[in-house]
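Written below as structure tokens is the structure these notes are about.
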Amino acid sequence: MVHALLEAGHSRRSIGRQLNMTHRTVKTLADAGKPEDLFRGQWQHNRTSVLDEYKPYLDERWDEGCTNAWKLWEEIVPLGYRGSYGRVSAYLREKRTSPRPVTAQPPAPRVVTKWILSRPETLTEIEQLRLKTVLANCPELDALTGHVRSFAQMLTERQGERLPQWLDAVRQDDLPSLHTLAAGIDRDRDAVIAGLPLPWSSGVVEGHVNRIKMLKRQMFGRAGFALLRKRVLLAE
């Protein structure tokens, strides 16, 4: 309505009076070329769609020359897509008609971290594809992922003899944060190598320590040691 009245020759002040809007609201609507321009802040970047997860796959197939919306919809349905064909068609139409390149939004850092820290075989095909796309655009993150997964394999398979080789590989890449971790491990190298092959873990002890600290915070100094002892011993 704002745009229609502007085209009819009405001033913005007149439009504000007719539509009972403030001058600022009229200006915002008048300056927006399309409804999407009105989104700001979190709404501008965090709007989600059931198609978002599959857009990297569509982008890759598009770059390979496959632009048939129906065929691509048939390809992503076996991958888990439960949305409509219309969403796929609209996305490809936007890619075809937009003057600027249209591609999938990059995943959030927390999501990428989850993918890197997960076992590769537990990721879905789409998640593997999206992670592959991220790593292809960031060599440093690609190197970090390799070191993280190598370290995880060394821990889970108890291969302490591989630690010196892992430390040397880390030092060859420009990853300052990982260098800090490697330096700390290197100071206790003999102890770490000796401990990696063993089946015992301090995880259970750390869990109990965390539980006791939580109970102490809950009491907040309002009771003595006797009550704390009972709560620790009787808590399930």
Side-chain angles (χ1 to χ4, degrees), residues 45-46 48 52-57 59-60 76 78-81 104-219 228-229 231-236:
H45 302 288
N46 294 344
T48 59
D52 288 347
E53 186 177 351
Y54 304 90
K55 285 180 179 178
Y57 179 86
D59 293 341
E60 185 174 278
I76 63 176
L79 299 179
Y81 177 65
Q105 288 287 341
R110 181 175 297 180
V111 175
V112 177
T113 301
K114 175 180 177 296
W115 292 340
I116 293 175
L117 296 178
S118 299
R119 290 179 180 269
E121 62 272 15
T122 64
L123 299 178
T124 66
E125 186 173 346
I126 288 296
E127 289 174 336
Q128 292 178 12
L129 175 62
R130 297 189 69 187
L131 178 59
K132 178 182 176 181
T133 303
V134 171
L135 300 184
N137 287 281
C138 184
E140 293 83 2
L141 195 59
D142 188 22
L144 176 65
T145 301
H147 294 313
V148 168
R149 289 182 168 176
S150 177
F151 189 77
Q153 182 182 18
M154 182 170 55
L155 285 177
T156 55
E157 297 182 5
R158 301 175 187 169
Q159 299 174 336
E161 69 280 359
R162 289 178 48 194
L163 183 62
Q165 178 185 354
W166 183 83
L167 292 172
D168 292 339
V170 167
R171 294 191 184 96
Q172 293 176 9
D173 289 318
D174 185 19
L175 300 169
S177 298
L178 206 56
H179 290 174
T180 302
L181 172 65
I185 293 177
D186 204 21
R187 284 194 293 269
D188 294 320
R189 176 187 292 217
D190 293 339
V192 176
I193 293 176
L196 276 174
L198 301 176
W200 299 291
S201 169
S202 63
V204 176
V205 176
E206 294 294 337
H208 286 304
V209 171
N210 183 69
R211 182 170 59 89
I212 293 172
K213 288 181 177 180
M214 180 193 68
L215 293 173
K216 289 179 66 178
R217 286 194 296 269
Q218 289 177 342
M219 294 169 59
L228 175 62
R229 178 175 180 276
R231 292 197 63 184
V232 170
L233 295 177
L234 299 177
E236 294 182 359

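Counting from 1, the numbers follow the sequence of the chain as shown.
The main-chain N or O of L175 is never found under 3.5 Å from a side-chain atom of E140 such that the two would form a donor-acceptor pair. With R130 contributing its side chain and K55 its backbone, the two residues share no donor-acceptor pair below 3.5 Å. Of the possible polar contacts, one joining the Y54 side chain to the Y81 backbone as a donor-acceptor pair under 3.5 Å is found.
Residues forming a side-chain hydrogen bond (donor to acceptor under 3.5 Å, both in side chains) with E125 (at least two apart in sequence, or on another chain): none.
Of the inter-residue distances, the one linking L228 atom CG with I212 atom CD1 reads 7.5 Å to the nearest 0.5 angstrom. Going from atom CE of M214 over to atom CD of Q218 covers 4.5 Å, rounded to the nearest 0.5 Å. Rounding to the nearest 0.5 Å gives a distance of 11.0 Å between CG of D142 and NZ of K132. To the nearest 0.5 Å, atoms CD (Q128) and OG1 (T122) are separated by 8.5 Å. Rounding to the nearest 0.5 Å places CD of E161 at 10.0 Å from CG of L163.
No side-chain heavy atom of L196 sits less than 4.5 Å from a side-chain heavy atom of Q159. Contact check for R217 versus K213: side-chain heavy atoms found under the 4.5 Å cut-off.
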Solution key, residues 144-154 side-chain donor-acceptor pairs under 3.5 Å, sequence neighbours excluded:
| residue | atom | partner | partner atom | Å |
| --- | --- | --- | --- | --- |
| T145 | OG1 | L141 | O | 2.8 |
| H147 | NE2 | D173 | OD2 | 2.6 |
| R149 | NH2 | W115 | O | 3.4 |
| S150 | OG | R162 | NH2 | 3.0 |
| Q153 | NE2 | E157 | OE2 | 3.4 |

What side-chain donor-acceptor pairs closer than 3.5 Å can you find for residues 183-190, not counting sequence neighbours?
| residue | atom | partner | partner atom | Å |
| --- | --- | --- | --- | --- |
| D186 | OD1 | R189 | NE | 2.7 |
| D186 | OD1 | R189 | NH2 | 2.9 |
| D186 | OD2 | R171 | NH2 | 2.7 |

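Closest of all the heavy-atom pairs between A182 and V170 is CB-CG1, 4.1 Å. Of all heavy-atom pairs between A194 and P197, the closest is O-CD, 3.3 Å. Counting all heavy atoms, side chain and backbone alike, N137 lies closest to T133 at ND2-O, 2.7 Å.
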